[in-house]
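Inspection log for the structure reproduced underneath, given as structure tokens.
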Amino acid sequence: MPATATAPPDLSAFSGVKLLRLVATAVIDLSRHARTPEPVYSDNVQKAYNHVVVQSLLRGTPPPASVTELAEWAATKPLGQWPLELPDDVEPVEEYLVDAGTRTPTQLCYEWHVPAQDAAAELFENEVIRDVFVQCEAAGNPAAYTAFRQLLVEHPVLTGVQMAMLLGETPELGLVMETVKRCYEPAPAAFRAGDSTFTTCARCGCLLKPYGSGWRCELDRCRREQRSTPGGQIIPAATGGVLQLRAPLRMFITGPGLAEIDLQKALARRGLPAEMWPGCDAYDLRITLPNKAVWAIDVKDRANPALLGHTATALRHQPRYDEAYLVVPGYRFTDREDYARVFKHYCPPEVASRLRLMSDAQFLRHVARTIARLDGQVADA
């Protein structure tokens, strides 16, 4: 009896964008590896390594010799040199999955991360925010949500003493205190300086990592603006230990939260006080113009405009508004001149028609022009 031919395996299943997502997940798994005693790599890590090897061999290029070398690729090989075959407008050619200075996953890596066992699953920070939203909405307590969000933005680092005193100083957090505790973890020794102290970033409040003779912050904006300036030192033995927000929350809550606060202050200087996180974070800011028109503003600080467009959704309708805006810090547009075009290409048309993308500087100019026009209409009346 002749042997039955078997179909070759479908190697395309983990190529391109799908493989990049798997590799990003593996890198994040590896970043947590040192915190557990388990010496065996996760399924995500092994699968990512296997498929990178296969795709490398298919292209006739040397593959990583081990998982350790794959991790080294993440810090030293820009994504444009990986065997990924990404679309031109998605491919972050000169970007890395691991920051060479801090040896921690970059924000771009977290943006690409999707748990391999559930492609529809959301990142940890979205799960946390959703849980808190449900709790606060069910209890009819928006003040608890505002206090929670403000804590994550303004205090990415807490000492053990500060954590113990939170409820006394901010009683609104009582409803969500168990979730607050989930959000923080002990700061790893890699962030300690030689004298065993921790140092915070003067701009964002996150922990700085020793880097050569200086310091390096994990957040893109601090590094981009060369503002990884020491803010203060913390001695763990004198403060009951040091806790920091989990990495996804630092990347996607603390970072954009600082941009939200900067925008709030800029609007206040123009006579437009903004309500922060209205309706348990239906969107980020809400302003009322002199003609009583209401604008809703959502602030994002994302490195990849394709991913931002793909995941963009229309803002919730309550609290009500007349116009909706998606505002991104200007340095993202400087880094990628095609940022707006790529976002529009990947954003669902029904969302793009109801959500206008602008840089923070563009939005503030738009506000100024609108107010000037309204003032002119009043003067002509």
Side-chain angles (χ1 to χ4, degrees), residues 11 13-56 63-79 81-84 86 90 92 95-129 156 182-191 206-207 209 216 218-220 243-255 302-304 307 311:
L11 299 179
F14 283 93
S15 60
V17 168
K18 189 171 183 180
L19 179 54
L20 176 54
R21 289 190 180 278
L22 182 61
V23 170
T25 298
V27 167
I28 291 170
D29 281 3
L30 286 170
S31 74
R32 298 167 177 158
H33 188 68
R35 303 175 198 173
T36 67
E38 177 58 59
V40 179
Y41 294 122
S42 71
D43 290 343
N44 290 334
V45 172
Q46 195 62 56
K47 186 182 293 185
Y49 172 71
N50 292 344
H51 282 278
V52 169
V53 168
V54 168
Q55 294 300 328
S56 297
S66 63
V67 170
T68 300
E69 187 172 342
L70 179 72
E72 187 65 17
W73 274 26
T76 60
K77 187 186 288 289
L79 283 172
Q81 297 178 19
W82 286 61
L84 295 172
L86 299 173
V90 170
E95 297 290 342
Y96 298 82
L97 293 176
V98 169
D99 179 72
T102 62
R103 289 286 166 167
T104 54
T106 60
Q107 178 173 326
L108 185 73
C109 185
Y110 278 99
E111 290 182 16
W112 279 109
H113 165 58
V114 172
Q117 68 273 19
D118 180 5
E122 293 183 308
L123 290 169
F124 172 74
E125 95 282 354
N126 284 336
E127 296 170 358
V128 167
I129 295 300
R182 286 176 53 212
C183 293
Y184 289 83
E185 62 184 357
F191 285 88
C206 294
L207 291 178
K209 201 166 188 181
R216 192 166 176 87
E218 289 180 302
L219 296 190
D220 285 357
L243 304 167
Q244 68 172 351
L245 281 178
R246 296 180 181 274
L249 295 170
R250 299 197 300 272
M251 297 286 182
F252 299 121
I253 301 297
T254 303
R302 296 296 176 91
N304 192 292
L307 288 178
T311 58

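Residues Val23 and Trp82 form a side-chain contact, since some pair of their non-hydrogen atoms from C-beta on lies under 4.5 Å apart. For the pair Ile253/Leu245, no side-chain contact is recorded, criterion being any heavy-atom separation below 4.5 Å from C-beta on. You'll find the side chain of Phe191 reaches within 4.5 Å of the side chain of Glu218, heavy atoms only. Annotation: side chain of Tyr41 is in contact with side chain of Leu30 (closest heavy-atom distance under 4.5 Å). Using a 4.5 Å heavy-atom cutoff, the side chains of Glu95 and Thr106 are not in contact.
Checking side-chain atoms of Glu69 against main-chain N and O of Ala65 turns up a donor-acceptor pair under 3.5 Å. Under the 3.5 Å distance criterion, the side-chain polar atoms of Arg103 are left unmatched by any main-chain donor or acceptor of Ala75. Checking side-chain atoms of Gln244 against main-chain N and O of Leu207 turns up no donor-acceptor pair under 3.5 Å. The backbone N or O of Pro64 sits less than 3.5 Å from a side-chain atom of Tyr49, completing a donor-acceptor pair.
Nearest approach of Leu249 to Cys183, heavy atoms of both residues: CD1-CB, 3.6 Å. Scanning both residues, Cys206 and Leu219, for their nearest heavy atoms gives SG-CD1, 4.2 Å. Residues Pro78 and Tyr96 approach most closely at N-CE2, 3.3 Å, considering heavy atoms. Taking each heavy atom of Tyr110 and Ala247 in turn, the nearest pair found is OH-CB, 3.0 Å. Heavy-atom minimum distance, Ser56 versus Trp73: OG-CH2, 4.0 Å.
Taken to the nearest 0.5 Å, the CD atom of Gln55 stands 6.0 Å off from the CG atom of Leu19. How far CG of Leu20 is from CG of Leu108: 7.5 Å, rounded to the nearest 0.5 Å. Atom-to-atom distance recorded for Leu70:CG and Gln46:CD is 10.0 Å, nearest 0.5 angstrom. To the nearest 0.5 Å, atom CG of residue Asn44 and atom CG of residue Asp29 are 5.0 Å apart. Within the model, atoms CG of Asp220 and CD of Gln107 stand 4.5 Å from one another, a figure rounded to the nearest 0.5 Å.
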Test Leu307 against Arg302 for side-chain contact (heavy atoms from CB on, under 4.5 Å), laying out the working first.
-> CA-CA 8 Å; Leu307 288 178; Arg302 296 296 176 91; 5.9 Å; no

Run the side-chain contact (heavy atoms from CB on, under 4.5 Å) check on Val17 and Trp112 step by step: do they pass?
-> CA-CA 9 Å; Val17 168; Trp112 279 109; 3.6 Å; yes

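Shown here is Asp43, whose CG atom has no more than 12 heavy atoms of other residues, nucleotides or ligands within 6.0 Å.
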